[in-house]
Amino acid sequence: MTGRIVKALSGFYYVDGGEGGPIPCRGRGRLRHQRVTPLVGDRVEVTVTEDGKGVVDAVLPRKNQFSRPSVANIDQMVIVCSGAVPVTDPFLIDRMAAMAEWKGCEPLIVFNKCDLERSDGLAALYREAGFPALQVSAETGEGVEALAAAIAGKVSAFTGNSGVGKSSILNALQPGFGLEVGEISEKLGRGRHTTRHVELFPVAGGLVADTPGFSSFDVEQMEAIPKGELAGAFREFAPYLDLCRFQGCAHVKERGCAVREAVSEGKISPGRHKSYVRLYEQAKEIPEWELAKKQ
């Protein structure tokens, strides 16, 4: 059968084939020889054995994968932020959105606590840049139905700085979600196994990856975006990338840069370009050998 790995724990891969509960599986020895490690989110081919367990025979091609946390085939990165305390720095939104773009998953920006601060200006800025942006209140329920529709049928990962209300939003989408996750954490032993435990939970007709690696904006442990690929992770730059005067333009301070011209004409947000430049300068400091190691 073919199914999706929804949990990996203690050497077992739990595969959901659409009927009954997930089947605990081991990996075939040849996967190790091929240096293929199955990840949560992988679509896999499985042979079910007589005892009701199974063996993962093959991992189907991935659309993307993250190494920290170890998860694959994420459709959507839900970036939860807030205009109320704690106020989210737009640079953090831009950094995570760029990571999502580079990894081939759709960024969805969610402004929570809109009952306290609507963040109309920032929401408009990101919509103008081509991003879906929702204004939500986990407290009053505003926007929760629209968010549920946005994650239905997709594999999503929620991220956001501490205190913005990720857990509150997930509980608004799926009452009892936090209790379920908490019970699992207690069983595994807090602080000992939880960082290695990745699981996909059904929420509002979709699947949500709940893992410490996506719990905050701390992406230093995630793969670094090479400076030569960074501009492609800013979607509003796309119409201008081939119009620069010189090949290999970094879009930072070069003469004849079409991206910088678009910024000066108000076609690209100066704040977004500033975030790009900041990320570019950071990427310049990463040695090529380190980038190769993280790929």
Side-chain angles (χ1 to χ4, degrees), residues 41 62-69 71-81 88-111 122-123 125-133 150 154-161 209 213-214 216-244 246-254 257-263 267-288 290-295:
R62 296 166 176 154
K63 64 183 291 183
N64 57 40
Q65 72 179 81
F66 293 82
S67 60
R68 297 185 182 181
V71 66
N73 298 321
I74 296 293
D75 298 319
Q76 183 169 250
M77 189 72 70
V78 182
I79 303 169
V80 182
C81 42
T88 303
D89 183 348
F91 172 70
L92 301 180
I93 304 173
D94 294 337
R95 183 171 66 167
M96 202 63 209
M99 180 63 67
E101 295 268 33
W102 186 58
K103 285 292 186 177
C105 57
E106 178 70 14
L108 171 62
I109 302 171
V110 175
F111 292 92
L122 266 183
L125 182 152
Y126 284 103
R127 289 180 188 128
E128 288 170 6
F131 294 98
K154 298 177 182 177
V155 180
S156 300
F158 278 62
T159 184
N161 52 303
F214 279 134
S216 72
F217 277 120
D218 184 19
V219 295
E220 276 76 12
Q221 296 303 313
M222 299 173 73
E223 299 94 326
I225 305 175
K227 65 180 186 295
E229 299 176 31
L230 185 61
F234 280 70
R235 58 177 57 180
E236 68 270 47
F237 289 13
Y240 311 103
L241 293 180
D242 294 329
L243 303 179
C244 296
F246 303 108
Q247 284 189 337
C249 182
H251 319 296
V252 173
K253 57 184 178 181
E254 293 76 8
C257 173
V259 171
R260 292 181 64 223
E261 186 176 332
V263 173
K267 297 174 182 176
I268 292 176
S269 158
R272 287 274 293 163
H273 183 255
K274 186 177 179 180
S275 291
Y276 165 80
V277 172
R278 186 171 167 185
L279 287 169
Y280 187 89
E281 294 299 329
Q282 290 176 0
K284 280 173 57 178
E285 301 301 317
I286 302 172
E288 292 295 328
E290 188 173 330
L291 283 174
K293 183 180 68 173
K294 291 186 177 184
Q295 297 292 318

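Bear in mind that the values here come from a model prediction, so they are computed numbers and not experimental data. Count residues from 1 along the sequence.
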**Message:** If we ignore hydrogens and angles and just use 3.5 Å, is the side chain of Arg235 paired with the main-chain N or O of Ala129 as donor and acceptor?
**Reply:**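 Not at all, since once roles are kept as given, no pair shorter than 3.5 Å links the two residues.
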
**Asked** Short question: side chain of Asn73, backbone of Lys63 - any donor-acceptor pair under 3.5 Å?
**Response**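 Checked: pair present.
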
Measure across [X] and [Y] and return the closest heavy-atom pair with its distance rounded to 0.1 Å.
X      : Y      : answer
Lys103 : Asn64  : O-CB, 2.8 Å
Cys105 : Phe66  : SG-CZ, 4.3 Å
Phe111 : Ala123 : CE1-CA, 3.6 Å
Glu106 : Pro132 : OE2-CD, 3.3 Å
Arg127 : Ala133 : NH2-O, 2.9 Å

**Prompt:** If you measure from the Lys or Arg side-chain nitrogens to the Asp or Glu carboxylate oxygens, is any gap between Lys284 and Glu281 under 4.0 Å?
**Reply:**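 Here Lys284 pairs with Glu281 in a salt bridge, since their nearest N and O are under 4.0 Å apart.
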
**Message:** Working note: Phe91 + Arg278, criterion side chain to side chain contact (heavy atoms under 4.5 Å, CB included); need CA distance, chi angles, decisive distance, verdict.
**Reply:** CA-CA 9 Å; Phe91 172 70; Arg278 186 171 167 185; 3.5 Å; yes

Could you tell me whether the side chain of [Y] reaches within less than 4.5 Å of the side chain of [X], counting heavy atoms only?
X      : Y      : result
Lys274 : Val277 : no
Pro107 : Glu101 : yes
Arg272 : Leu125 : yes
Tyr126 : Cys81  : no
Tyr280 : His251 : no
Tyr240 : Cys257 : no

Let me confirm one number: the [atom1]-[atom2] distance from [X] to [Y], rounded to the nearest 0.5 Å.
X      : Y      : atom1 : atom2 : value
Tyr276 : Ile268 : OH    : CD1   : 10.5 Å
Ile225 : Phe234 : CD1   : CZ    : 7.5 Å
Lys227 : Leu279 : NZ    : CG    : 14.0 Å
Cys249 : Arg260 : SG    : CZ    : 8.5 Å
Thr88  : Leu122 : OG1   : CG    : 9.0 Å
Asp94  : Ile79  : CG    : CD1   : 8.5 Å

